[in-house]
Student: 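Below you'll find the structure I mean.
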Amino acid sequence: MNKILSKNQLAAHTFNIEVEAPLIARSYRAGNFVIIRIEDKSERLPISVSKVNPERGSITIVVKEVNHSTARLVSLEPGDTIKDIVGPLGTPIKIETYGTILFVCDDIGSAIAIPIISALKKANNRILVLLSSEDEGIGLMMENIREVADAVFYIGANNDDITESLKTALTNNKVDKIICISTQKFMHQSSIFSIKYQIPCDVYLRTIMVDGTGMCGACRLTIGGKIRFVCIDGPWFDGCKINWEELIMRTSDVKALKIEEKKPNYTINDF
Ligand code: FES
């Protein structure tokens, strides 16, 4: 059992929840995630980590209320317990000196990005952030990310916002790498831009997961023509190598896309 130590609200439906998990806190690396089971018969929820505190023996998870299970999780209060947490899972992101890095984040993505930005800043990178959100009350999120990044721009959450902002950021800055932690639609768009501008682009995939060990196949996808599993090979992938059509068809984001947008109108060889 893991006890909840604190909870604070970041945006309308997004919360940081600090949970006791000393072993995970000690071995976490930037970009890992965990799988949570709230009660015995609950579904297993892959959840991102926004902070670790090895001295306190805790990790802080970031949860957006989007369905029954996440609503149950955010309804828990300090002192309540979670059945179990498995982690840290996945392959951490590579921390290197790239130069200028453009982060494209939605509200939950910006919370995930904070420990990653801190690690990349220590490696002498300059960090620009495009923060997209439908929620105008994201003041706390902006404040938190401003503390670690060199510049943050709020860009709203529709297609035109992200397209224009990406164009402007990539035209006005010599960007050496793009990192996108957002919706599939925005990660797909960022990957298209990265191919056009010939800048490497890492994306953070969030898919359905069951066991988190590479056995069940729930998180399977095709990267560069090869089968990969988000739980063990990810969650970080080269956005230009992802078979987006397959990924979109396998996940619920398909509902968020117009039919004609489901099929990417490019291949890697077109650029
Ligand atoms: Fe089962 Fe990844 S969650 S293979």
Side-chain angles (χ1 to χ4, degrees), residues 1-2 17 19 21 23-25 27-50 52 59-74 82-94 106 108-109 111-113 115-116 179-188 190-191 201-257 262:
M1 300 284 261
N2 302 75
I17 302 175
V19 192
L23 294 179
I24 298 175
S27 45
Y28 170 87
R29 295 285 172 275
N32 285 139
F33 65 97
V34 295
I35 290 186
I36 284 183
R37 202 162 47 126
I38 305 169
E39 282 140 2
D40 266 334
K41 292 191 177 163
S42 304
E43 68 169 308
R44 291 167 191 271
L45 292 170
I47 301 273
S48 305
V49 175
S50 61
V52 291
I59 62 170
T60 301
I61 53 173
V62 54
V63 186
K64 186 165 190 171
E65 184 185 347
V66 291
N67 56 23
H68 174 75
S69 297
T70 47
R72 172 83 185 105
L73 187 52
V74 302
I82 288 169
K83 173 69 184 162
D84 53 52
I85 305 179
V86 180
L89 297 171
T91 306
I93 191 167
K94 275 192 195 135
D106 60 359
I108 198 165
I112 301 165
I116 298 163
I179 296 179
C180 186
I181 315 173
S182 187
T183 60
Q184 273 182 12
K185 187 156 67 172
F186 286 179
M187 289 196 285
H188 186 197
S190 299
S191 302
C201 176
D202 287 349
V203 300
Y204 180 96
L205 293 184
R206 289 167 272 183
T207 57
I208 294 167
M209 290 190 195
V210 179
D211 63 346
T213 64
M215 302 291 285
C216 71
C219 65
R220 188 188 80 241
L221 75 168
T222 308
I223 306 284
K226 297 192 175 125
I227 298 294
R228 291 286 179 262
F229 299 96
V230 177
C231 64
I232 52 172
D233 301 312
W236 299 98
F237 293 101
D238 179 342
C240 309
K241 292 188 177 162
I242 293 173
N243 181 333
W244 286 100
E245 185 180 3
E246 175 199 66
L247 178 62
I248 290 164
M249 292 305 289
R250 282 177 58 87
T251 59
S252 59
D253 255 20
V254 70
K255 292 188 201 127
L257 298 171
K262 280 194 248 170

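Along the sequence shown, residues carry numbers from 1. Worth saying up front: this structure is predicted, and the values here are computed from it rather than measured. In each ligand, atom 1 is the first atom listed, and ligand 1 is the first ligand listed.
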Student: At a 4.0 Å threshold, what atoms of ligand 1 neighbour a non-hydrogen atom of Val210?
Tutor: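 With Val210 as reference, the close atoms of ligand 1 come out as 3 (S).
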Student: Do the side-chain N and O atoms of Asp211 and Thr213 include a donor-acceptor pair separated by under 3.5 angstrom?
Tutor: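 Yes, because at least one side-chain N or O of Asp211 sits under 3.5 Å from a partner of the opposite role on Thr213.
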Student: Evaluate the salt bridge (Lys or Arg N to Asp or Glu O under 4.0 Å) criterion for residues Lys241 and Asp233: first the C-alpha distance (whole Å), next the side-chain angles of each, then the deciding distance (0.1 Å), finally the verdict.
Tutor: CA-CA 14 Å; Lys241 292 188 177 162; Asp233 301 312; over 6 Å; no
Student: Please lay out, stage by stage, how Glu245 and Asn243 fare under the test side chain to side chain contact (heavy atoms under 4.5 Å, CB included).
Tutor: CA-CA 6 Å; Glu245 185 180 3; Asn243 181 333; 3.8 Å; yes
Student: Please classify the Arg220 to ligand 1 contact at 4.0 Å (heavy-atom distances, strictly less than): side chain, backbone, both or neither.
Tutor: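 The answer is neither.
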Student: Quick one, Trp236 with Ile116, criterion side chain to side chain contact (heavy atoms under 4.5 Å, CB included). Give me CA distance, side-chain angles, the key distance, then yes/no.
Tutor: CA-CA 12 Å; Trp236 299 98; Ile116 298 163; 3.4 Å; yes
Student: For Gly214, take its heavy atoms, then give the atoms of ligand 1 lying under 4.0 Å from any of them.
Tutor: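 Those qualifying, in numeric order: 4 (S).
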Student: Given OD1 of Asp211 on one side and SG of Cys216 on the other, what angle do they make at atom 1 (Fe) of ligand 1, to 10°?
Tutor: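 The two atoms form an angle at the metal of about 90°.
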Student: If you count the atoms of ligand 1 from 1 in the order shown, which ones are under 4.0 Å from a heavy atom of Gly212?
Tutor: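 In order of number, 1 (Fe), 3 (S).
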Student: Do Tyr204 and Ile179 come close enough that some side-chain heavy atom pair is under 4.5 Å?
Tutor: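 Counting from C-beta outward, Tyr204 and Ile179 never come under 4.5 Å.
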Student: Which of the numbered atoms in ligand 1 are under 4.0 angstrom from any heavy atom belonging to Cys219?
Tutor: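 Result: 2 (Fe), 3 (S), 4 (S).
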Student: Quick one: nearest non-hydrogen protein atom to atom 4 (S) of ligand 1, plus distance?
Tutor: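 Minimum-distance protein heavy atom for atom 4 (S) of ligand 1 reads Gly217 N, 3.2 Å.
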Student: Which atoms from ligand 1 have a heavy atom of Met215 less than 4.0 Å away?
Tutor: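 Heavy-atom distances to Met215 below 4.0 Å select 4 (S).
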Student: Applying side chain to side chain contact (heavy atoms under 4.5 Å, CB included), run through Leu247 and Leu205 and close with a yes or a no.
Tutor: CA-CA 10 Å; Leu247 178 62; Leu205 293 184; 3.9 Å; yes
